[in-house]
Amino acid sequence: MGSANADSPGPHLVPLPIVFPKKQGDVPPAVRTQARSATILPSFVGLKFEIHNGKDYHQVLITEDMVGHKLGEFSPCAPLFVASRRSRIADVAQDAQAQHLG
């Protein structure tokens with residue numbers, strides 16, 4: 001046996017209420033989950049998941065490229081921050097004007 005650090009803990013498996021289609025044309029319902037740390041398995045490909053981000057559920061269709069990743073990677077929990085150059089220039093101009101007048 002190897003050391004404890006060499007052994008991989010394996011994927012984080014969470015029991016999910018997945019309903020697989022019985023017929024070829026059937027569309028399974030989306031799986032609603034809050035388990036963002038669950039690992040995407042190959043059997044999930046083609047299924048729709050509704051992943052909770054702390055506020056809303058984001059619908060995600062699982063593809064082959066997502067296998068091995070975590071569900072939470074595809075449902076961002078914080079909005080992307082984009083610093084606008086225009087607003088910074090306007091803030092600097094207002095500060096300069098306030099200092100000049102004050």
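Basis for what follows: all heavy atoms, side chains included, without hydrogens, waters or symmetry-related copies.
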For this session: Report the distance from atom CD1 of I40 to atom NE2 of H69, rounding to the nearest 0.5 Å.
Result: 7.5 Å
Exercise. Can you tell me if R36 uses its side chain to pair, donor with acceptor, with the backbone of H52 under 3.5 Å?
Worked result: yes
Seminar exercise, completed: Across all chains, not counting sequence neighbours, the side-chain hydrogen bond (donor to acceptor under 3.5 Å, both in side chains) partners of Q34 are Y57
For this session: Enter the distance from L41:CG to I62:CD1 here, rounded to the nearest 0.5 Å.
Result: 10.0 Å
Exercise. Do the side chains of M66 and V60 get nearer than 4.5 Å, heavy atoms only?
Worked result: yes
For this session: Kindly write out the residues that satisfy side chain to side chain contact (heavy atoms under 4.5 Å, CB included) with V14, not counting sequence neighbours, or none if the list is empty.
Result: H12, L16, A35, A38
Exercise. Between I18 and L47, is a side-chain contact (heavy atoms from CB on, under 4.5 Å) present by the stated rule, with each step listed?
Worked result: CA-CA 9 Å; I18 299 175; L47 296 176; 3.5 Å; yes
Problem set entry | Straight-line distance of Q59 CD to S75 OG, nearest 0.5 Å | 11.5 Å
Seminar exercise, completed: P76 meets the side chain to side chain contact (heavy atoms under 4.5 Å, CB included) criterion, sequence neighbours left out, with none
For this session: Please round to the nearest 0.5 Å and tell me the distance separating atom CZ of F49 and atom CZ of F74.
Result: 11.5 Å
For this session: Could you pull out all residues at least two apart from T39 that satisfy side-chain hydrogen bond (donor to acceptor under 3.5 Å, both in side chains)?
Result: K70
Exercise. Should T33 and L71 count as side-chain neighbours, where that means a heavy-atom distance under 4.5 Å?
Worked result: yes
For this session: Give every residue pair that meets the salt bridge (Lys or Arg N to Asp or Glu O under 4.0 Å) criterion with at least one member in residues 37-47, sequence neighbours excluded.
Result: none
Problem set entry | Listed once per pair and sorted, the salt bridge (Lys or Arg N to Asp or Glu O under 4.0 Å) pairs that draw on residues 47-62, sequence neighbours left out | R32-E50
